[in-house]
Amino acid sequence: MNKNDFEKIHDHLWEVPRTFRPDMRVPARVYASEKMLDSILRDRSILQLINVATLPGIQRYAIAMPDVHEGYGFPIGGVAAVDPKEGVISPGGIGYDINCGVRLLRTNSIYGELRPLLKTLAHSIAREVPSGVGRGGRHKLKKDDINLVLRDGARRAVAMGFGDESDLTRIESGGKIDGADPELVSDSARQRGHDQLGTIGSGNHFVEIDRVETVYDPEEAECLGIYKGGIVIQIHTGSRGLGHQVATDYLRVMTKAMPRHGIELADRELACAPFRSDEGQRYFHAMAAAANFAWANRQLITAGIRRAWEHEIPDDTIEIVYDVAHNVAKIEQHEGVGEVVVHRKGATRAFPGQPVLIPGSMGTASYLLVGSEGSMAQTFGSSCHGAGRVMSRTKARHEISFDELRKRLEKQGIVTEAGSTKGLVEEAPEAYKDIDEVIDVVAESGIARKVARFVPVAVIKG
Amino acid sequence: MYEFLEHTSDVRVRVSGATLEELFADAVRALFAALEAVGASDAQPVTWRVSVDSVDRTALLVDFLSDVLVQAHVRRVVFRDVRFVRLTETELEAELQGVAAAEFGEDVKAVTYHEADVRMENGRWQTMLVFDL
């Protein structure tokens with residue numbers, strides 16, 4: 001596979017035609033600059049995208065975002081819209097971390113005044129919001145409670161006293177996917193998740209306090225309550241062990257069911273079942289339940305951050321700007337194809353006018369965008385989700401010194417509150433792609449437009 | 001035996017064994033190595049019996065390890081020894097012994113099917129395994 005296998009549609013769009021492989025049902029499209037495409041071709045993400053293009057019922061194109069990298073089944077940064085009548089649903093098109101996503105909070109604080117308090121604030125947040133491997137939360141859910149969380153997501157968290165009704169209007173899908181069926185979530189999944197609500201977990205998940213560094217679109221920014229020099233907070237986490245187990249459980253169910261449905265695929269991680277089949281429906285409703293768990297999780301984390309904030313700055317208030325899922329499947333209406341099941345894996349919904357949250361890696365910039373009109377026709381209303389790793393965790397651990405990194409971040413004015421030295425060095429900025437290039441492709445392709453750029457001032461992680 | 005290899009975001013490990021039993025048992029050890037599991041020193045031994053059935057031996061290994069991972073997460077145990085009562089192409093019954101875990105240094109989200117392919121090569125059973133972190 002090399003660049004000659006692509007047709008250039010425009011400067012930021014490349015297509016592998018359907019004729020490239022006989023089992024492809026639609027072409028595969030990649031949004032990237034030519035330079036980025038060279039780097040994308042170094043791993044197997046395009047091969048995985050071509051496998052996606054073979055899924056029964058896939059419409060128009062298999063699409064890769066500029067931050068695409070190799071995943072399991074689908075590449076991370078992949079989008080596929082599938083006809084629910086004739087097509088399939090694939091857990092590999094959503095990922096193990098169901099409804100991994102980002103929430104952006106705004107405060108009334110300004111950086112200049114907040115600066116001396118940053119260390120205390122970061123420490124307070126770390127105390128209120130547990131993070132790191134195996135760290136459970138304060139809220140251990142019993143069966144009835146967990147069922148309500150799985151059914152009603154962030155709405156249930158608000159009913160439990162974590163936030164208020166107005167929070168729900170600023171969350172994708174109101175913080176709840178309809179049709180979630182808690183009974184389809186296994187005991188193992190419940191056991192893995194019962195004490196994890198309100199926790200961040202490990203890996204690339206974090207809470208981050210940011211300074212608004214640049215505002216590109218003052219009008220839009222003002223509507224969202226964002227001002228240059230202001231302070232915002234990002235939460236990046238998902239459905240924790242519960243979601244990981246739902247994915248594992250249904251991948252197994254589908255692997256067993258595929259021969260019965262006469263489906264053969266190039267990659268086991270793409271295991272799928274017809275959307276309308278018993279297995280397809282069970283997965284969809286269990287996935288919705290796990291997605292709701294993730295929204296409740298981010299709602300409880302928000303409550304923890306509010307407590308910490310109130311403790312240190314009692315006269316400030318924290319409001320939600322928006323909350324997006326970047327690992328999920330949803331039933332949506334799209335022009336020309338009608339109702340489709342849109343799989344977004346490492347891809348963010350970007351409907352016109354909708355805020356789109358793109359976190360950078362630790363120590364690098366993040367972006368607030370809003371969806372553009374062009375997203376609907378080009379990408380089923382989807383955008384990128386982040387920067388994407390380029391250096392392995394092992395290599396990062398060998399090459400980056402904790403003390404040096406901490407000092408370097410400190411020099412940049414970034415306070416760190418890390419549960420482990422390993423957790424910090426593995427997520428060092430050099431382990432990730434350059435986010436600015438990723439955002440430029442999305443903006444110049446008319447998928448989403450830039451509203452503001454944030455730089456971190458405090459990182460809280462496991 | 002098992003050997004960790006380079007992977008950009010997760011853990012990739014090559015496992016091999018003279019017999020299928022040895023391969024499966026070493027895969028369990030590799031999983032606990034990836035979890036950076038530390039057993040509690042004064043803990044009582046823990047025994048767990050499991051049976052798994054799958055479509056073929058590769059899926060059998062992945063599904064078995066997924067079940068072991070649930071035990072690690074939920075019961076917080078570290079398994080060290082695996083004894084197979086039965087192990088065929090598509091079914092297994094095993095008894096695992098271990099101790100309570102004092103700590104896990106890493107969080108494994110899932111055992112993936114990515115690159116997994118249990119096959120006989122040069123007289124030894126082998127496979128690659130990728131754990132999602």
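Keep in mind it's a predicted model, so treat the numbers as computed, not measured.
Counting heavy-atom pairs under 4.5 Å between each of B:A116, B:G105, B:A59, B:S54 and chain A puts B:G105 at the top. Among the candidates A:M258, A:R240, A:R44, A:H194, the residue making the largest number of heavy-atom pairs closer than 4.5 Å to chain B is A:R44. Between chain B and the residues A:R252, A:R192, A:H244, the most heavy-atom pairs under 4.5 angstrom are made by A:R252. Comparing B:T58, B:L35, B:V11, B:D53 by heavy-atom pairs within less than 4.5 Å of chain A, the highest count is held by B:D53. The choice from B:E115, B:E106, B:H7 that makes the most heavy-atom pairs within less than 4.5 Å of chain A is B:E106. Between chain A and the options B:V70, B:D67, B:D63, B:V130, the largest number of non-hydrogen pairs under 4.5 Å is found for B:D63.
Between B:F131 and A:Y72, the closest heavy-atom pair is O-OH, 4.4 Å. Scanning all heavy atoms of the two residues, the minimum distance from A:V133 to B:F104 falls at CG1-O, 3.3 Å. Here the shortest heavy-atom pairing between B:Y113 and A:Y96 reads N-OH, 4.5 Å.
Neither the backbone nor the side chain of B:D117 comes within contact range of chain A, judged by heavy atoms closer than 4.5 Å. Heavy atoms of A:K422 lying under 4.5 Å from chain B belong exclusively to its side chain. Contacts of A:Q48 with chain B are made by side-chain atoms alone, with heavy-atom separations under 4.5 Å and no backbone atom involved. Both the backbone and the side chain of A:Q191 have a heavy atom closer than 4.5 Å to some heavy atom of chain B. Within the 4.5 angstrom heavy-atom criterion, no atom of A:R190 approaches chain B. For A:T255, the parts lying under 4.5 angstrom from a heavy atom of chain B are both the backbone and the side chain.
The distance from the OG1 atom of B:T112 to the CZ atom of A:R268 is 11.5 Å, given to the nearest 0.5 Å. From A:S239, atom OG reaches atom NZ of B:K109 across 9.0 Å, with rounding to the nearest 0.5 Å. We find the CG-CG distance between A:N204 and B:L133 to be 10.5 Å, quoted to the nearest 0.5 Å.
At most 12 non-hydrogen atoms from other residues, nucleotides or ligands lie less than 6.0 angstrom from CE of B:M1. Few gaps surround CD on B:E6; more than 12 heavy atoms of other groups in view lie less than 6.0 Å from it. Heavy atoms from other residues, nucleotides or ligands lying under 6.0 Å from NZ of A:K256 number more than 12. Annotation for B:Q44: atom CD does not count as buried by contact number, only 12 or fewer foreign heavy atoms lying within 6.0 Å.
With respect to the salt-bridge test (charged N to carboxylate O, under 4.0 angstrom), the residues B:E36 and A:R397 qualify.
Using non-hydrogen atoms only and a strict 4.5 Å limit, the part of residues 72-83 of chain B facing chain A consists of B:H73, B:V74, B:R76.
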